[in-house]
Amino acid sequence: MANIAVDSIKDRTFDVIVIGSGASGGWAAKEFTEKGLKTLVLERGRQVEHVKDYPTTNMYPYEFPHRNEMPYADKQKNPIVNRCYNYHEESQHFFVKDDEHPYIQDKDFDWIRGYQVGGKSLIWARQTQRWSDFDFEGPARDGFAVDWPIRYKDIAPWYSYVEKFAGISGNKDGLAELPDGEFLPAFPLNATEDYFSKFLKEKYPNRHVISARCAHLSVPNQIHFDQGRVQCQKRVLCQRGCPFGGYFSSNASTIPWAEKTGNMTLRPFSVVHSILYDEEKGKATGVNVIDTNTKELIEFYARVIFVNAAALNTNLILLNSISDRFPEGLGNDSGLLGKYVAFHNYTATISAEYEGFKEYKTDGRNPAGGGYIPRFRNVYKQETDFLRGYAAGFSARRTEVSETNGVGEDLKAHLLKKELGPWRVGSHMMGETIPKVENHVRLDEEKKDAWGVPLLHIDIAYDDNDEKLRQDYFDQMSEMFDAAGFKNIQTHKDPRRPGNDIHEMGGVRMGTDPKTSLLNKWHQLHACKNVFVTDGASMTSTGTQNPTLTYMAFTARAADYAMNAMKKNEL
Amino acid sequence: MNSFINRRAALRNLVIIAGGAMILPACYRKSGKASIELNNLQITEDEESLLETLADTLIPKTDTPGAKELKLHLFVLKMVDDCYKPEDQDQFTKGLRALPSFAKSTIGKDFVNASAKERGQLLLKIQDIKDTEEATEKGQEAGDDKSLKRFYDITKSKTIQGYLNSKYVMTNLVKYELVPGRYNGYFPA
């Protein structure tokens, strides 16, 4: 009997446990297994195998019973996820349904989740920009949150490292506020986007429209073929999962790579209840997992634990990891665990028309989506009555309209004869938000989910800075559009709730002082060094960049540090 | 060998049965109900064929198939049944039921018996109904008009969508490319 128990414990013991298989968890899995460490990857949802589990990927529009529209009953039943721009008949199986995984909204918050192998890396927007020191130095310069314990030079080589493997398309634009990376050729701007880019260069020296940098294989390298991925075919049906592996996802890239090493044990249907802490050893020893099929509670053990459960679930796991040493959650000596959560302010869009370039239209589809305007407000110095600023998307397309007034043969003939209209230009704001102590998550004291894990309270809202920033976006963009000769300029307040940006960050922030932060500069919990958090939860501030690339770089860097420390027996 | 032949025969029978089952609802339906399963709408067989005629009036057969051949009225029903809110479903059904009497009083005959030209003109009349508050104050008749207009607008937009997104159009007339493999931002217009 004793031997069986010993064997069982041995079977459940690994060098490293990675919680989560999304963009950052996938990177942790790749890094550790590649270097020969036995790694357990825990995923709370089901398996999604590359290509095999993309059921809609090759469907034609007419094969969807509702032509990609979600039925009314589903909208009524799942209002939160239905507000996500990417949730449709073609992709709905990669999203968490509201009623399956409840949480408590102290204030309106759309928590958009993807519980499956690959997580949200299957359904992300694939926009990838580096941070610069204008971002890392923001909190210290402007006096909010706490100073980041790292600077651009610390992370730059790791950006390069992940970019080469993931495959990032872009131009070397030479902008200090948006450092260049290891780029595959960019997807070019179209006629009208190009025009606006050149116009800004002339009239607004510090404002730029660049080709959006994105995680697509415009021209793959050998390292991408080695992953089984080929050139992006510009389908722009990415949210279905890509049979070409044309964009980066854990499923197409890091997870199969880790699998090939033979060192990965991937365990789907495994909800992490909490992290085990050994008071005598003064470190974490493993995790409590609930098998969602059998409801069995199983302990797994490892020397090092990487928490990559996605920002808010990472907070939840740490808050739920209670011991005598950590009665308020693992590593929570500062009492700040779950606090200073922030996100991106996406509440503004602007559109207009342009009468020029009638001789051009676009042909095919652009996976990058068009142009990107890096933050130009308050970059070198504080110049407005609000803190920080916003980046923006910018894209143009030629409208096509057909006359639908008639009936009969008249209507039928017109439907098939599309008339080209003017170019329509549009932009959406991506604003930095200021982390605040009152924007927080916490556990409910009584209510639990189906696996006995406490429900998460989310108490997060916009503030005055967000409102001022939005007004400035409207003012500046309107002025630039008008100056460029765009007509019929219309600003739109987007009533979207916090969370709908799907860029929730923080709660387990990095910092130098254990009294005011949870993680050190290597993403280790100050108070429990063998637990690392390298997903969105670790963010001290939000920047304006789409954050996933930064999480991937964080993860590779922290994994490298962890492995060196393990070699030296420091962990 | 024997079992192979048997399997082939069985397969052939299956195909015949399946084919028969597909034709059956259209030819021998006696239930009086709509031919597709609906969860929310209550539509009779007659109402379904009325809708079929309406859709075919909007997009008739020419040298290419029209609404009837492409079964666009079934797409309209499916979409209204699954994707519209109850108020719209209600207006849709009311409007559909108001169509026969509107046709009678306007052109003096049943909609389905009218010529294509008469039906087309009737539809344009419905299309021109002003959806104003003033109209609703005129009582029952205006209420019917409102439903008729809403029903018509829904039917027209879904018929157009169903047509443009039909397999026929997307593979023969305006080809849909699943794998374009290209992007040109300076394509000659």
Side-chain angles (χ1 to χ4, degrees), chain A residues 57-76 187-194 218 231-237 243-244 357-368 370 396-398 402 404-413 415-418 420, chain B residues 39-40 54 56-62 64-67 70 75 78-86 88-89 116-117 119-124 126-127 152 156-171 173-174 176-189:
Chain A
T57 191
N58 284 323
M59 282 170 68
Y60 281 82
Y62 46 82
E63 294 178 292
F64 292 96
H66 306 100
R67 302 299 188 269
N68 215 18
E69 188 175 331
M70 288 310 294
Y72 179 78
D74 189 85
K75 288 181 183 171
Q76 293 299 107
F187 294 96
L189 299 176
N190 65 36
T192 297
E193 291 161 356
D194 240 352
S218 55
Q231 187 171 38
C232 166
Q233 295 299 308
K234 305 177 181 73
R235 296 172 4 125
V236 195
L237 299 172
F244 300 96
F357 297 118
K358 287 279 167 62
E359 65 273 35
Y360 295 122
K361 61 175 189 173
T362 62
D363 178 51
R365 300 176 210 141
N366 183 358
R397 63 185 173 85
R398 196 79 192 268
S402 51
T404 58
N405 265 334
V407 297
E409 292 185 18
D410 175 43
L411 172 66
K412 195 179 176 189
L415 285 178
L416 300 174
K417 208 171 64 190
K418 299 256 188 237
L420 278 175
Chain B
N39 296 313
N40 300 300
L54 197 166
D56 206 56
T57 309
L58 288 169
I59 301 180
K61 180 177 162 64
T62 51
T64 59
L70 299 174
F75 174 69
K78 175 88 181 150
M79 290 301 283
V80 175
D81 193 49
D82 288 345
C83 294
Y84 279 74
K85 52 182 193 267
D88 283 330
Q89 291 168 343
K117 197 176 166 197
R119 278 185 270 123
Q121 282 166 347
L122 186 82
L123 294 188
L124 288 173
I126 300 175
Q127 194 167 295
Y152 174 78
K156 186 170 183 182
S157 80
K158 291 297 114 179
T159 303
I160 291 173
Q161 184 192 16
Y163 179 65
L164 291 175
N165 284 326
S166 65
K167 185 175 181 182
Y168 180 81
V169 171
M170 284 196 151
T171 51
L173 304 180
V174 187
Y176 174 84
E177 294 179 279
L178 194 64
V179 187
R182 66 182 191 287
Y183 177 65
N184 183 351
Y186 283 85
F187 195 79

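The sequence lines fix the lettering, A, B, ..., with proteins before strands; numbering per chain opens at 1. As a basis for the values below, the full set of heavy atoms in this structure was taken, side chains included, without hydrogen atoms, waters or symmetry mates.
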**Student:** For B:T62, is it the side chain, the backbone, both, or neither that has a heavy atom closer than 4.5 Å to a heavy atom of chain A?
**Tutor:**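 Looking at B:T62, backbone and side chain both touch chain A.
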**Student:** Could you walk me through whether A:Y60 and B:M170 pass side chain to side chain contact (heavy atoms under 4.5 Å, CB included), step by step?
**Tutor:** CA-CA 9 Å; A:Y60 281 82; B:M170 284 196 151; 5.7 Å; no
**Student:** Given side chains that start at C-beta, do those of B:T57 and A:V407 come closer than 4.5 Å, heavy atoms only?
**Tutor:**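 Sidechains of A:V407 and B:T57: no contact.
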**Student:** So for A:E359, is it side chain, backbone, both, or neither that comes closer than 4.5 Å to the heavy atoms of chain B?
**Tutor:**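 Interface part for A:E359: backbone (N, CA, C, O).
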**Student:** Give, as side chain, backbone, both or neither, the part of A:T404 having an atom under 4.5 angstrom from any heavy atom of chain B.
**Tutor:**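 Its backbone and side chain both get close to chain B.
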**Student:** Is it the side chain or the backbone of A:R398 that comes within 4.5 Å of chain B heavy atoms, both, or neither?
**Tutor:**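 Contact with chain B: side chain only.
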**Student:** Between CG of A:L411 and CD1 of B:I160, what distance do you get to the nearest 0.5 Å?
**Tutor:**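 Between A:L411 CG and B:I160 CD1, I get 5.0 Å after rounding to 0.5 Å.
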**Student:** If you draw a 6.0 Å radius around CD in A:E69, do more than 12 non-hydrogen atoms from other residues or ligands fall strictly inside?
**Tutor:**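 It does: A:E69 CD has more than 12 such atoms within range.
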**Student:** Looking at A:G408, A:A413, A:P65, which one has more heavy-atom pairs under 4.5 Å with chain B than the rest?
**Tutor:**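 Most pairs with chain B among the choices: A:G408.
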**Student:** Verify the neighbour count for atom NZ of B:K167: are there more than 12 heavy atoms of other residues, nucleotides or ligands below 6.0 Å?
**Tutor:**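 No, not enclosed.
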**Student:** So what's closer than 4.5 Å to chain B heavy atoms on A:A73: side chain, backbone, both or neither?
**Tutor:**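 Interface part for A:A73: backbone (N, CA, C, O).
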**Student:** Taking side chain as everything from C-beta outward and backbone as N, CA, C, O, which of these in A:F357 sits under 4.5 Å from a heavy atom of chain B? Side chain, backbone, both or neither.
**Tutor:**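 Looking at A:F357, nothing touches chain B.
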**Student:** Report the C-alpha distance between A:F244 and B:V179 in whole Å, list the side-chain angles of each, state the deciding distance to 0.1 Å, and finish with yes or no for side chain to side chain contact (heavy atoms under 4.5 Å, CB included).
**Tutor:** CA-CA 10 Å; A:F244 300 96; B:V179 187; 4.1 Å; yes
**Student:** Going from CG on A:N190 to OH on B:Y183, what distance comes out if it is rounded to the nearest 0.5 angstrom?
**Tutor:**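 The distance works out to 4.0 Å.
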**Student:** Could you tell me which portion of B:L173 (side chain, backbone, both or neither) has an atom closer than 4.5 angstrom to a non-hydrogen atom of chain A?
**Tutor:**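 Side chain only.
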**Student:** How close do B:K156 and A:G406 get, heavy atom to heavy atom, and via which atoms?
**Tutor:**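 For B:K156 and A:G406, the tightest heavy-atom pair comes out as NZ-O, 2.8 Å.
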**Student:** Name the option with the most non-hydrogen atom pairs under 4.5 Å to chain A; the candidates are B:N39, B:L124, B:V169.
**Tutor:**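 The candidate making the most pairs under 4.5 Å is B:L124.
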**Student:** For A:L237, is it the side chain, the backbone, both or neither that has a heavy atom under 4.5 Å from a heavy atom of chain B?
**Tutor:**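 Only the side chain of A:L237 comes within 4.5 Å of chain B.
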**Student:** Could you look at A:P367 and say if it's the side chain, the backbone, both or neither that has a heavy atom under 4.5 Å from chain B?
**Tutor:**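 Neither part; nothing is under 4.5 Å.
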**Student:** If I take atom NE2 from residue A:H66 and atom CZ from residue B:F75, how far apart are they, to the nearest 0.5 angstrom?
**Tutor:**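 Here the rounded value is 8.5 Å.
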**Student:** Pick from B:G185, B:S166, B:A189: which one has the most heavy-atom pairs with chain A under 4.5 Å?
**Tutor:**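 Top count of heavy-atom pairs under 4.5 Å with chain A: B:A189.
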**Student:** With chain B as the partner, which of A:E193, A:K358, A:K234, A:M70 has the greatest number of non-hydrogen pairs under 4.5 Å?
**Tutor:**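 That would be A:K234.
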**Student:** Any chance you could measure B:E177, atom CD, to A:Q233, atom CD, to the nearest 0.5 Å?
**Tutor:**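 The CD atom of A:Q233 is 11.5 Å from CD of B:E177, to the nearest 0.5 Å.
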**Student:** Quick check on A:N405 against chain B: is it the side chain, the backbone, both or neither that has a heavy atom closer than 4.5 Å?
**Tutor:**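 Its backbone and side chain both get close to chain B.
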**Student:** If only atom types and distance count, is the side chain of B:K85 paired as donor or acceptor with the main-chain N or O of A:Y72 below 3.5 Å?
**Tutor:**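 No, B:K85 side chain to A:Y72 backbone: no donor-acceptor pair under 3.5 Å.
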**Student:** Need one label for A:D74: side chain, backbone, both or neither, based on atoms under 4.5 Å from any heavy atom in chain B.
**Tutor:**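 Contact with chain B is absent: no heavy atom of A:D74 under 4.5 Å.
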**Student:** Heavy-atom pairs under 4.5 Å with chain A: which of B:Q121, B:R119, B:M79, B:Q161 has the most?
**Tutor:**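 Greatest number of close heavy-atom pairs with chain A: B:M79.
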**Student:** So which atom in A:P71 and which in B:C83 form the shortest heavy-atom distance, rounded to 0.1 Å?
**Tutor:**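 Taking A:P71 first and B:C83 second, the nearest heavy atoms are CA-SG, 3.9 Å.
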**Student:** Set out, in order, the CA-CA distance, both residues' side-chain angles and the distance that settles side chain to side chain contact (heavy atoms under 4.5 Å, CB included) for A:F64 and B:N165, then state yes or no.
**Tutor:** CA-CA 10 Å; A:F64 292 96; B:N165 284 326; over 6 Å; no
**Student:** Could you check B:T64 against A:L416 for side chain to side chain contact (heavy atoms under 4.5 Å, CB included), going step by step and ending with a plain yes or no?
**Tutor:** CA-CA 12 Å; B:T64 59; A:L416 300 174; 5.5 Å; no
**Student:** Is A:K418 close to chain B through its backbone or its side chain, or both, or neither, when contacts mean heavy atoms under 4.5 Å?
**Tutor:**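 Answer is side chain: those atoms of A:K418 sit under 4.5 Å from chain B.
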**Student:** Would you say the side-chain atoms of B:Y186 and A:D194 include a donor-acceptor pair closer than 3.5 Å?
**Tutor:**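 The criterion, which ignores hydrogens and geometry beyond distance, is satisfied for A:D194 and B:Y186.
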**Student:** How long is the gap from CG on A:N366 to CG on B:N184, to the nearest 0.5 Å?
**Tutor:**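 One finds 11.0 Å between CG of A:N366 and CG of B:N184.
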**Student:** Which one of B:D81, B:D56, B:L164, B:V174 has the most heavy-atom pairs closer than 4.5 Å to chain A?
**Tutor:**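 Option with the top pair count is B:L164.
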